[in-house]
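Each remark here refers to the structure printed beneath this line.
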Amino acid sequence: MDSSEKKVLMITAAVLGLFIFSILYARGKYNDLPECIPFDKTYTEPKVVKLDEKTYQVYSVAAMWQFAPSKIYIPAGAEVDFFLTSKDVVHGFNISEKNVNLMAVYGNINKTTVKFDKPGVYKITCHEYCGVGHQNMQAEVIVNDPAAKL
Ligand code: CUA
């Protein structure tokens with residue numbers, strides 16, 4: 001084998017190794033991967049369900065030009081399953097601080113799970129142009145410190 005061939009093989013192996021390493025490294029570091037789950041009418045009713053102190057489900061319905069529920073109150077440390085659908089056109093669902101990027105599609109349910117460790121207000125914005133009210137389409141996740149008395 002020519003020495004330049006060997007060099008190319010070595011570089012290829014190194015780059016491949018780097019790719020595999022970065023995939024393994026990133027695994028579990030971010031949110032659950034979004035998933036598409038079978039459509040069910042029960043998901044089309046906006047609500048927040050508390051399963052226990054630290055586990056919540058949010059059924060979010062996007063429609064021109066708002067999200068319902070528009071304010072979601074949870075305690076810090078809570079893990080939230082978001083189930084997302086749309087009543088009309090395609091909307092976006094972005095929580096930039098949490099690296100959440102979903103599409104709200106009529107007849108579809110998209111799901112992702114997010115943990116909110118830090119108290120604060122997390123903006124949910126529509127990041128898919130959906131008509132004249134698009135730029136005003138947003139909601140909030142309000143994460144309270146359970147130790148603070150309100
Ligand atoms: Cu909904 Cu843009």
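Read the numbers this way: they start at 1 and go in the same order the structure lists the ligands and their atoms. Predicted model, so just to flag it, every value in this text is computed and none were measured.
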Exercise. Are any N, O or S atoms from M64 nearer to atom 1 (Cu) of ligand 1 than 2.8 Å?
Worked result: no
Exercise. Near atom 1 (Cu) of ligand 1, is there an N/O/S atom from H134 that is less than 2.8 Å away?
Worked result: no
For this session: Report the angle formed at atom 2 (Cu) of ligand 1 by atom SG of C126 and atom O of E128, rounding to the nearest 10°.
Result: 90°
Exercise. Going through the checks in order, is the side-chain contact (heavy atoms from CB on, under 4.5 Å) test met by K111 and L84?
Worked result: CA-CA 6 Å; K111 182 198 170 221; L84 176 69; over 6 Å; no
Exercise. What atom name does the N, O or S atom of H91 nearest to atom 1 (Cu) of ligand 1 carry?
Worked result: ND1
Exercise. When rounded to the nearest 0.5 angstrom, what distance separates CD in E140 from NZ in K71?
Worked result: 4.0 Å
Exercise. Taking the side chain as C-beta and beyond, is there a heavy-atom pair between V89 and M64 under 4.5 Å?
Worked result: yes
For this session: Check the pair D52 / K54 against salt bridge (Lys or Arg N to Asp or Glu O under 4.0 Å), numbers first and verdict last.
Result: CA-CA 6 Å; D52 62 46; K54 293 276 171 195; over 6 Å; no
